Participant: 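My questions will all concern the structure given below.
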Amino acid sequence: MTLDLTTTLSDSQRGESEVTEILANPGFGTYFTDHMLSLEWTPEQGWHDGRITKYGPLSMDPASAVLHYAQEIFEGMKAYRHEDGSIWSFRPEENAKRMARSSHRLALPVLDPADFVQAVDALVEVDQRWVPQNAADGAGEKSLYLRPFMIASEVFLGVRPAQHVTFMVIASPAGAYFKGGLTPLTLWLTEEYTRAGRGGMGAAKTGGNYASSLVAQQEAIAHGCDQVVFLDVAEGRYVEELGGMNMYFVYADGHIVTPETGTILEGITRSAIIELAQKKGHKVEERRFAIDEWREGIASGEITEVFACGTAAVVTPVGTLKWDGGEVGTAADTGHEAGPLTQEIRQDLVDIQYGRAEDSFGWMHRIC
Ligand code: PLP
Ligand code: COI
């Protein structure tokens, strides 16, 4: 324990019946818990003024740097309630380390990974009644989604790394990210917009990447699709990732391909799936994966399953890929269900997260 935190409990916490009602049907990203955590940073004082206070709007100077230059990073993680009532997070030190890498890219100060984990734990402990009861099997497992983020809060319009930075954690009870649960996603291939180039911010979890994805997401929605597939910026040939998820391709011979890292977000779910699939005896290739391999692999039957993964989306099957002038669908799409390996990997993962299977990888961290 290295962080000094003061806790001032909210004097207007939601009543038990209201919390129960929200947890029965939380949706995603709509409801927030009673408290939030904040920390301040300046070059002179380092990280200081750690506090848990009542959740509520921030009072911000309109000249705060983040509002103009988007010097901001964030993380996404979840707290899970196990059958015995205990509360756990999944590989939180990986989120902490990724936030440190994002800090470097966005010229923000690094929050020590141990302090990051302590801060997240502290908020969850205070708001533990907001972690939904044990998950249902199948789609729509419930959890408390945690959103740590760091913003340039210095009041200054010059363009340089901020000298006052704020780190916060907020929490939001969550059900399935996609309303359709395990219904295969329909994806839109954008050939006009890209997400990240060499030397860019693709590997950082920073708001700007999501802002730049929105016009393509709008295009996807207009074409009746759920999410956008981005290709590499250099050749417009290789699959990178979706707006908020990594991708996997399953071959008939049992091997699996996932796009290599560099310009994509290094997903913590993605890396867990590599280990889970390898343990099940599947060969996993991390490599460049051309969009034509996708189209041709589905058409020939060589690719039997496609799925996407991420903290919010867990493991979600992919059905049809659409582009300007064509589309191709997997078998899973016609059956309106996930393929067998997609289902198995999803189940293996959520069983570990909800404490229903042995955590042989040592991924789970007990919060309280
Ligand atoms: N790629 C993008 C762009 C994302 O926003 C996310 C979600 O966090 C992921 C991939 C998956 O990352 P993780 O599994 O760490 O949530
Ligand atoms: C997450 O999965 O945590 C994300 O940040 C992605 C976003 C689509 C909610």
Side-chain angles (χ1 to χ4, degrees), residues 1-10 13 32-56 58 72-82 84-106 108-132 143-153 162 164-174 204-206 266 268-269 271-272 311 352-353 355 359 361-368:
M1 295 284 155
T2 52
L3 266 188
D4 260 344
L5 287 174
T6 61
T7 299
T8 311
L9 292 181
S10 164
Q13 299 192 34
F32 299 91
T33 62
D34 293 310
H35 299 92
M36 59 189 190
L37 180 143
S38 320
L39 273 176
E40 308 298 329
W41 178 92
T42 58
E44 300 76 32
Q45 289 182 274
W47 290 107
H48 63 280
D49 197 14
R51 61 207 186 276
I52 292 177
T53 54
K54 173 179 172 174
Y55 183 94
L58 304 178
E72 184 268 359
I73 57 177
F74 67 97
E75 272 303 322
M77 50 205 288
K78 285 174 169 172
Y80 307 87
R81 191 182 288 280
H82 287 188
D84 64 359
S86 59
I87 296 171
W88 302 69
S89 58
F90 179 71
R91 310 180 76 192
E93 60 296 329
E94 294 301 317
N95 294 90
K97 286 193 259 170
R98 186 169 67 189
M99 186 167 240
R101 296 197 296 276
S102 298
S103 278
H104 286 300
R105 183 61 187 85
L106 272 290
L108 284 162
V110 168
L111 178 62
D112 181 76
D115 291 346
F116 174 102
V117 174
Q118 188 194 332
V120 169
D121 287 3
L123 182 68
V124 174
E125 204 168 343
V126 168
D127 277 335
Q128 55 182 275
R129 71 195 179 109
W130 287 89
V131 182
S143 60
L144 184 64
Y145 184 78
L146 305 168
R147 176 52 65 85
F149 62 101
M150 197 184 284
I151 57 175
S153 41
H164 183 177
V165 170
T166 304
F167 169 82
M168 297 193 68
V169 188
I170 55 174
S172 173
K205 201 158 171 64
T206 178
E266 291 179 46
I268 291 158
T269 320
S271 79
T311 300
I352 293 174
Q353 290 171 333
D359 175 22
F361 298 98
W363 284 336
M364 300 309 290
H365 164 81
R366 180 156 185 176
I367 297 176
C368 57

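Model, not experiment: these values are computed from the prediction. Residue numbers count from 1 along this sequence.
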Participant: To the closest 0.5 Å, what do you measure between CD1 (I87) and CD (Q128)?
Facilitator: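 Those atoms lie 5.0 Å apart.
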Participant: Apply side chain to side chain contact (heavy atoms under 4.5 Å, CB included) to R101 and K97, showing your working.
Facilitator: CA-CA 6 Å; R101 296 197 296 276; K97 286 193 259 170; 4.1 Å; yes
Participant: Could you go through the side chain to side chain contact (heavy atoms under 4.5 Å, CB included) check for H82 and M364 one step at a time?
Facilitator: CA-CA 11 Å; H82 287 188; M364 300 309 290; 4.2 Å; yes
Participant: Output the distance between atom CG (D115) and atom OG1 (T2), rounded to the nearest 0.5 Å.
Facilitator: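 Spacing of CG (D115) from OG1 (T2) equals 3.0 Å.
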Participant: Drop me the distance from K78's NZ to S89's OG, to the nearest 0.5 angstrom.
Facilitator: 13.0 Å
Participant: So which heavy atom on L123 is nearest to which on V169, and how close?
Facilitator: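 So the minimum-distance heavy-atom pair works out to CD2-O, 3.4 Å.
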Participant: Does a side-chain heavy-atom distance below 4.5 Å link H164 with S153?
Facilitator: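 In contact.
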Participant: May I ask you to decide if V110's main-chain N or O and W47's side chain share a donor-acceptor pair within less than 3.5 Å?
Facilitator: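 Pair found, side chain donor or acceptor close to backbone of V110.
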Participant: Counting only heavy atoms not in D112 (residues, nucleotides, ligands), do more than 12 fall under 6.0 Å from its CG?
Facilitator: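 More than 12 within 6.0 Å, yes.
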Participant: If we only count heavy atoms from C-beta on, is the F90 to M77 side-chain gap below 4.5 Å?
Facilitator: no
Participant: For A272 and W363, work out which heavy atoms get closest and say how close.
Facilitator: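 Here A272 and W363 meet closest at O-CH2, 3.5 Å.
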Participant: What I'd like to find out is whether the side chain of T7 reaches to under 4.5 Å of the side chain of H35, using heavy atoms alone.
Facilitator: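 They are not in side-chain contact.
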Participant: So, taking the atom named OG in S38 and the one named CG in L58, what distance separates them when rounded to the nearest 0.5 Å?
Facilitator: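 If we round to the nearest 0.5 Å, S38:OG and L58:CG are 7.0 Å apart.
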Participant: Could you pull out the closest heavy-atom pair between K54 and M36, with the gap in Å?
Facilitator: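 In this case the closest contact between K54 and M36 is O-CE, 3.7 Å.
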Participant: Between K205 and S102 (side chain of the first, backbone of the second, donor and acceptor by atom type, cut-off under 3.5 Å), is there such a pair?
Facilitator: no
Participant: Taking side chain as C-beta onward, heavy atoms only, is S103 less than 4.5 Å from L111?
Facilitator: no
Participant: Answer yes or no: is there a donor N or O on one side and an acceptor on the other, between the side chain of T206 and the main chain of I73, under 3.5 Å?
Facilitator: no
Participant: Pair I151, M168 - check side chain to side chain contact (heavy atoms under 4.5 Å, CB included), show working.
Facilitator: CA-CA 8 Å; I151 57 175; M168 297 193 68; 5.5 Å; no
Participant: Do R147 and S172 touch side chain to side chain, with heavy atoms closer than 4.5 Å?
Facilitator: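 A side-chain contact under 4.5 Å is absent here.
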Participant: Taking all non-hydrogen atoms of both residues into account, name the closest pair between A204 and L106 and its distance.
Facilitator: CB-CD2, 4.0 Å
Participant: Measuring only between side-chain heavy atoms, which start at C-beta, is E125 closer than 4.5 Å to I52?
Facilitator: no
Participant: Quick one, E75 and L146 - any side-chain contact, counting heavy atoms below 4.5 Å?
Facilitator: no
Participant: Would I268 and T311 satisfy side chain to side chain contact (heavy atoms under 4.5 Å, CB included), going step by step from the backbone distance to the final call?
Facilitator: CA-CA 8 Å; I268 291 158; T311 300; 5.5 Å; no
Participant: Measuring centre to centre across the rings, with the benzene-like ring taken for any Trp, is W88 within less than 6.0 Å of Y80?
Facilitator: no
Participant: Minimum heavy-atom separation for L144 and P173, please, with both atom names.
Facilitator: CD1-N, 3.4 Å
Participant: Provide the closest heavy-atom pair for L3 versus L39 in the form atom of the first, atom of the second, distance.
Facilitator: CD2-CD2, 3.9 Å
Participant: Treating H365 as the side-chain partner and P92 as the backbone partner, does any N or O pair qualify as donor plus acceptor under 3.5 Å?
Facilitator: no
Participant: CD of Q118 to CD1 of I367: how many Å apart, nearest 0.5 Å?
Facilitator: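 Taking CD in Q118 and CD1 in I367, the distance rounds to 12.5 Å.
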Participant: Identify which one of L5, T6, T8, L37 satisfies the side chain to side chain contact (heavy atoms under 4.5 Å, CB included) criterion when paired with R51.
Facilitator: T6
Participant: Within the structure provided, determine whether R91 and S271 are in side-chain contact (heavy-atom separation under 4.5 Å).
Facilitator: yes
Participant: Give me the ring orientation class for F32 and Y55: parallel if the planes are under 30° apart, tilted from 30 to 60°, perpendicular past 60°.
Facilitator: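 It falls in the parallel class, under 30°.
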Participant: Could you grab the distance from atom OG1 of T166 to atom CD of E72, nearest 0.5 Å is fine?
Facilitator: 12.0 Å
Participant: Are any of the side-chain nitrogens in R98 or E266 under 4.0 Å away from the carboxylate oxygens of its partner?
Facilitator: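 Looking at E266 together with R98, the answer is no, because their closest N to O distance does not fall below 4.0 Å.
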